[in-house]
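Before we start, here is the structure in question, set down as structure tokens.
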Amino acid sequence: MEKNKTSSLSKILIYIPLILLAITILVPVAWVFMASIKENVEFYRNPWALPAGVYLQNFVDAWTKADMGSYMLNSAIVTVLALLILIVVSLPASYVLSRFKFFGNGFLNTLIMAGLFINVNYIVVPIFLMLSDADTFLRKTVGEPFFLNNIFVLAVVYAATALPFTIYLLAGYFKTVAKDYEEAAYVDGAGYFRTMIQIIFPMAKPSIITVILFNFLSFWNEYIISMTLLTKPELKTLPVGLMNLMAAQKSAVQYGQMYAGLVIVMLPTLIFYMLVQKQLTEGMTVGGLKG
Amino acid sequence: MRQTKGRGAFIFCCVAPAIALFVIFMIVPTIDVFRMSLYKWGGYTANKTFVGLKNFKTLLGSEKFIRSFQNQILLIVIVTIVTMTLALVFAAILTREKIKGQNFFRVVFYIPNILSVVIISAIFSAIYDPNQGLLNSILGIFRGDKDPILWLGSQKIVIYSIVIAMIWQAVGYYMVMYMASMSAVSESLYESADLEGAGKVTQFFQITLPLIWTNIRTTLTFFVISTINMSFLFVKAMTNGGPDSASHVFLSYMYQEAYTNSSYGYGMAIGAVVFTFSFALSAILNAVTKRDPIEL
């Protein structure tokens, strides 16, 4: 631009902080990838040294010995289940709460909004106690506990605690849809359910995608609730399994295996991010309130 | 609406599952936090004794709690100020300047936000490792072979090490958010400011900041709540409160007392304080940052 009188010196000065920040983000991430193919002895040398060779045994060990393979399966099941429950429950609720006038509507909307301020980690202990009480009761009556150490229950808890933000986001969209769509559908003889499912929901597709993107990341990465509600080793999700690996690494000195574990956890999110980064960063304009 | 048949049933079917889940897993546990904070209830016995506000009294006398309170305030203040400033400045540079690779920077800066806190903690543990760590090996060039700095092992430094990790994680997210609102500011304002001879810095303070103030306010309120939560995730994964309880924050201390040590009543008293504190802080921030909205 000729109009732009900024001198080339100040132009360069602007790039310096940008490049510095980019380096502080990229270098550690790249370093983990590099460390994941190092042999254990190499960790006692200069940490900046390039790997001597490609030691893929780390990944085999992490996958099998450290059970990252089964943790990944658990994580995948929990994430998909939680997303399914969340969408099935939140879509009709957001639609009705934002577009129907009925007794108690205002109260329910306020209640959900208040939920935006409740952070899951504030209430993780009461949730644990509630489920543990329910299990004690079941042991006495049925003989079998159900709620703790149950991947399905964890998915329900994830979905339930993601409801306020999701409903806030979806309701925001539904409010902008013109009433004419429903009027036309009713005139054609479609009932409430058909109108909602066949006319309204397909229009909300972009918002639904935004909801899935954000919640996929938060469910996949969550570890406090998972750690609290699933205590059996075979049920652990990836981040919790990784924490164990980190703790084990401190005593057994299995650096290579740990960094391979890190890569295994990181890779799906990075690939996912590369695929959807545009929608993700654009979706933030709609959902600018993520906690 | 013309149709009325089955309207009530339809509304009920749509809303009931969501409300049920929300009430069971969010409202009831929240009430439980406050209710349980009034009981002495420890260990594996089912005996609950009502003790009123005694838990809170113990809390105020507890050195560990005071320590975690101080840490929490320190984290909120430093992380908020540094993150917000960096995010605003970088967002302004990326939206206002003609930068080559603007998209590249946006994509890279957002990366920490998609990583699990466990991963970030592992990365920073590798950076902070006293002997084979990346940071000490760079500093070693300047400092020579003096005693290595214990980034996570020293009671004085540990909290600042966590601060850095938290800023690293949060800057990109807020930057992208501010970029969105800054790009909505009309270009003509900057053009006329250019004609008037206002510099870039003046433009930033006189045009950009006032016009996206509503957005800053909203994010600030949520950022504080999010910092209370995120600091827990970081502390839990990086230090678990150590060394010697020096790095505990509100929620990590609560988790330790309530879950690990099973003193539920006492733990929930901490939870009640956290709830009250975060609501009060949001309300205060909301009031303090109130400005008349600018209409154009």
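Proteins come first, then strands; the chains are lettered A, B, ... in the order of their sequence lines, and each starts at number 1. Since we're looking at a predicted model, the values are computed, not measured.
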Contact part of A:V265 toward chain B, heavy-atom cut-off under 4.5 Å: side chain, backbone, both or neither?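 Backbone plus side chain of A:V265, per the 4.5 Å heavy-atom cut-off to chain B.
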About how many Å separate SG of B:C14 and CZ of A:R99, when rounded to the nearest 0.5 Å?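 Spacing of CZ (A:R99) from SG (B:C14) equals 13.0 Å.
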Please identify each residue that fulfils side chain to side chain donor-acceptor pair (under 3.5 Å) with A:T237, with sequence neighbours left out.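 A:S226.
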Closest heavy-atom contact between A:I123 and B:M26?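 Distance-wise, the nearest heavy atoms are CD1-CA, 3.9 Å.
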Give me the atom names and distance for the closest heavy-atom approach of A:I127 to B:F25.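 Result for this residue pair: CD1-O, 3.6 Å.
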Between B:V108 and A:I25, what is the shortest heavy-atom contact and its length?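 Closest approach of B:V108 to A:I25: O-CG2, 3.7 Å.
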Please classify the contact of A:S90 with chain B as side chain, backbone, both or neither, using a heavy-atom distance under 4.5 Å.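 Neither the backbone nor the side chain of A:S90 comes within 4.5 Å of chain B.
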Do any N or O atoms from the side chain of A:W31 and from the backbone of B:I127 form a donor-acceptor pair under 3.5 angstrom?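 No; zero donor-acceptor contacts below 3.5 Å.
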Nearest heavy-atom neighbours spanning A:V89 and B:P17: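 Heavy atoms of A:V89 and B:P17 come nearest at CG1-C, 3.9 Å.
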Chain B contact via A:M227 - which portion, at a heavy-atom distance below 4.5 Å: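 Its backbone and side chain both get close to chain B.
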Between chain A and each of B:N240, B:L86, B:I138, count heavy-atom pairs under 4.5 Å; write down the option with the most.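 Result: the option with the highest number of such pairs is B:I138.
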Determine the option with the most heavy-atom pairs under 4.5 angstrom with chain B, choosing from A:L238, A:N105, A:V125.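 Of A:L238, A:N105, A:V125, A:V125 has the most heavy-atom pairs under 4.5 Å with chain B.
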Under the criterion side chain to side chain contact (heavy atoms under 4.5 Å, CB included), I'd like the reasoning laid out for A:Q277 against B:I114: C-alpha separation, chi angles, the key distance, then a yes or no. CA-CA 10 Å; A:Q277 56 90 7; B:I114 60 159; over 6 Å; no
Would you find a donor on one side and an acceptor on the other, under 3.5 Å apart, between the side chain of A:Y273 and the backbone of B:V107?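 Such a contact is found between A:Y273 side chain and B:V107 backbone.
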If you count heavy-atom pairs within less than 4.5 Å of chain A, which of B:V171, B:I111, B:D32 leads?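 So the answer, after comparing B:V171, B:I111, B:D32, is B:I111.
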Residue pair A:T231 / B:Y259: nearest heavy atoms and the distance that separates them: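 It is CG2-OH, 3.8 Å.
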Measuring heavy-atom distances to chain B, does A:L91 have an atom under 4.5 Å in its side chain, in its backbone, in both, or in neither?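 Neither the backbone nor the side chain of A:L91 comes within 4.5 Å of chain B.
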All salt bridge (Lys or Arg N to Asp or Glu O under 4.0 Å) counterparts of B:R217, not counting sequence neighbours: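 Expected list: none.
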Check: B:L233 main-chain N/O paired with A:Y223 side-chain donor or acceptor under 3.5 Å: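 Side chain of A:Y223 to backbone of B:L233: a pair is present.
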Quick one: which of B:F250, B:F279, B:F223 has the most heavy-atom pairs under 4.5 Å with chain A, could you say?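 Top count of heavy-atom pairs under 4.5 Å with chain A: B:F279.
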If you count heavy-atom pairs within less than 4.5 Å of chain B, which of A:Y259, A:F272, A:F117 leads?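 Ranked by contacts with chain B, first place is A:F117.
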Residues A:F100, B:V15; criterion side chain to side chain contact (heavy atoms under 4.5 Å, CB included); working and verdict: CA-CA 11 Å; A:F100 283 73; B:V15 176; over 6 Å; no
Part of A:I19 lying under 4.5 Å from any heavy atom of chain B: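 It is both, since atoms from each part get that close.
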Identify the residue among A:L111, A:T161, A:I167 that makes a side chain to side chain contact (heavy atoms under 4.5 Å, CB included) with B:F22.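 Answer after filtering A:L111, A:T161, A:I167: A:L111.
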Between B:Y255 (side chain only) and A:N121 (backbone N and O only), is there a donor and an acceptor less than 3.5 Å apart?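 It does not hold such a pair.
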Chi angles and distances behind the side chain to side chain contact (heavy atoms under 4.5 Å, CB included) call for B:Y264, A:F128: CA-CA 11 Å; B:Y264 302 121; A:F128 165 78; 4.2 Å; yes
Let's go through A:V96 and B:F10 carefully: what are the C-alpha distance in whole Å and the side-chain angles of both, what is the deciding distance for side chain to side chain contact (heavy atoms under 4.5 Å, CB included) to 0.1 Å, and is it a yes or a no? CA-CA 9 Å; A:V96 168; B:F10 170 72; 3.8 Å; yes
Do side-chain atoms of A:N119 reach the backbone of B:S226 as a donor and acceptor pair under 3.5 angstrom?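 Checked: no pair found.
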Between chain A and each of B:L115, B:I27, B:I123, B:L94, count heavy-atom pairs under 4.5 Å; write down the option with the most.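 The residue among B:L115, B:I27, B:I123, B:L94 with the greatest pair count is B:L115.
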Which pair of non-hydrogen atoms, one from B:V118 and one from A:M243, has the smallest distance, and what is that distance?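 B:V118 and A:M243 have their closest heavy atoms at CG1-CG, 3.7 Å.
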Among the listed options A:L242, A:V124, A:I118, the residue most often paired with chain B at heavy-atom distances under 4.5 Å: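 Between A:L242, A:V124, A:I118, the count favours A:I118.
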